[in-house]
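Report on one structure; see the data block that follows.
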Amino acid sequence: MMENIRVPSRSSASEFRATAEAGANIALTKYWGNADPDLRIPANDSISITLDRVRTVTTVTFRPDLPEDQVTVDGKPLRGPAWERVSRHLDLLRDRAGVSWRARVVSRNNFPAGAGIAASASGFAALTLAAAAALGLELSPRDLSLLARRGSGSAARSIFGGFVLLHTGARDEDAFAEPLHSPDWWDVRDLIAVVSQAEKAVPSSEGHHLAPTSALHQARVARVAELNRQLLQALAHRDFAALGQAAEEDALLMHAVMMTSRPSLLYWLPETLAVMHRVQAWRREGIEAYFTIDAGPNVHVLTLPPYADHLQVSLRALPGVQNVIPCRPGPEARITPNSAE
Ligand code: PMV
């Protein structure tokens, strides 16, 4: 279990600075649609694995002389709604600390952003932790998770390592994530088959608003409650078939909601579908592999160590697969001395 964050030594009296690192996570049951859009309270509980290889490092520096927040992601300055989202998130933390200084934010991902590898999860988890530490806020992991959720729902889960549950709730303070099992509980592998590195046309933050326009949304929310019960059992007993079936089913349910919302969101490419067919064919041949897909075209292939090397080679050989990123359960978000600048 994480300790409360420690207040770092500030770099000087005239600036407050900290750097944090967080892993992306892959949802086994998805957060799709809000119970409260303003507070980003998810419509349903979701369960995820924080990943080791796909990470964001973010340095936040608050200074008295900055006229406005400056945000750079992977070397590119953010503008417009993306910048506003980060700046509003910093306001939440500034309000808590009673600080009005603007900040310079420099963030780096080691994976393509905006292509269904949930950069917003690792991004807002790292941003929340770095900003809280820079401001000297003493926050529990639960408080950090609640705050990260306000930036991006899935970021609430990336505060923790390993296998994580994000609760929905009636009030802001009820919707936080908590760790279920540590990363070394179970060596589940996630082979991310990258079929496109393009930015997605409709970001998930917009997609959540469309979920209720699908006739399937309420049916999915009801079904996810049962899938979460199955997943908790599967995780406790390390039952991979049960985990894979629940994850694959909810990925298909979420994409059915996306496809049938108004307007329709169709994130799959022909290559996405080719990987999905292959995974199901491998399963019929006795290979333990299941797919899940976030709000993008890339396919996460869940498997176990005996199959991982062979599957990685086979996935790379599929037409349209540009790259495969092999991931394992990874650690919680943490403060690091390595600046992103
Ligand atoms: O946190 P957001 O707003 O990027 O939403 C995440 C949406 C999915 O990645 C599709 C599902 C999930 O639970 O991670």
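Read the numbers this way: they start at 1 and go in the same order the structure lists the ligands and their atoms. One is the number of the first residue; the rest follow in order along the sequence.
Not a single heavy atom of A121 sits less than 4.0 Å from an atom of ligand 1. For the pair S46 and ligand 1, no heavy-atom separation below 4.0 Å is found.
The heavy-atom pair separating R150 from H89 by the smallest distance is C-ND1, 4.1 Å. Nearest heavy-atom pair across N25 and S154 is ND2-O, 3.1 Å.
Using a 4.0 Å cut-off between charged side-chain N and carboxylate O, E288 and R189 make no salt bridge.
If you check each of R157, R40, K30 against atom 14 (O) of ligand 1, the one with the closest non-hydrogen atom is R157.
D69 pairs in a salt bridge (charged side-chain N to carboxylate O under 4.0 Å, His left out) with only one of the listed residues (R88, R94, R104), which is R94.
At under 3.5 Å, not a single nitrogen or oxygen of W32, backbone or side chain, sits near a nitrogen or oxygen of ligand 1. Backbone and side-chain nitrogen or oxygen atoms of T29 are examined, and none is located within less than 3.5 angstrom of a nitrogen or oxygen of ligand 1. In terms of N/O distances under 3.5 Å, ligand 1 is not approached by N25.
The side-chain tip of R238 points at the ring of W185 from less than 6.0 angstrom away and within 45° of straight on.
Heavy-atom contacts of S204 reach the following atoms of ligand 1: 2 (P), 3 (O), 4 (O), 5 (O) (cutoff under 4.0 Å). Numbered from 1 in the order shown, with element, the atoms of ligand 1 that lie under 4.0 Å from a heavy atom of A295 read 10 (C). Against a heavy-atom cut-off of under 4.0 Å, H208 is close to the following atoms of ligand 1: 2 (P), 3 (O), 5 (O). With ligand atoms numbered from 1 in the order given, ligand 1 contributes 10 (C) to contacts under 4.0 Å with heavy atoms of M254.
For the 3.5 Å distance criterion, the side chains of T29 and D250 fail to qualify, holding no donor opposite an acceptor.
Contacts between A27 and ligand 1 below 4.0 angstrom, taking non-hydrogen atoms only, involve the side chain exclusively.
H181 and W186 have their aromatic ring centers separated by at least 6.0 angstrom.
A donor-acceptor pair under 3.5 Å is formed between the side chain of T260 and the backbone N or O of A256.
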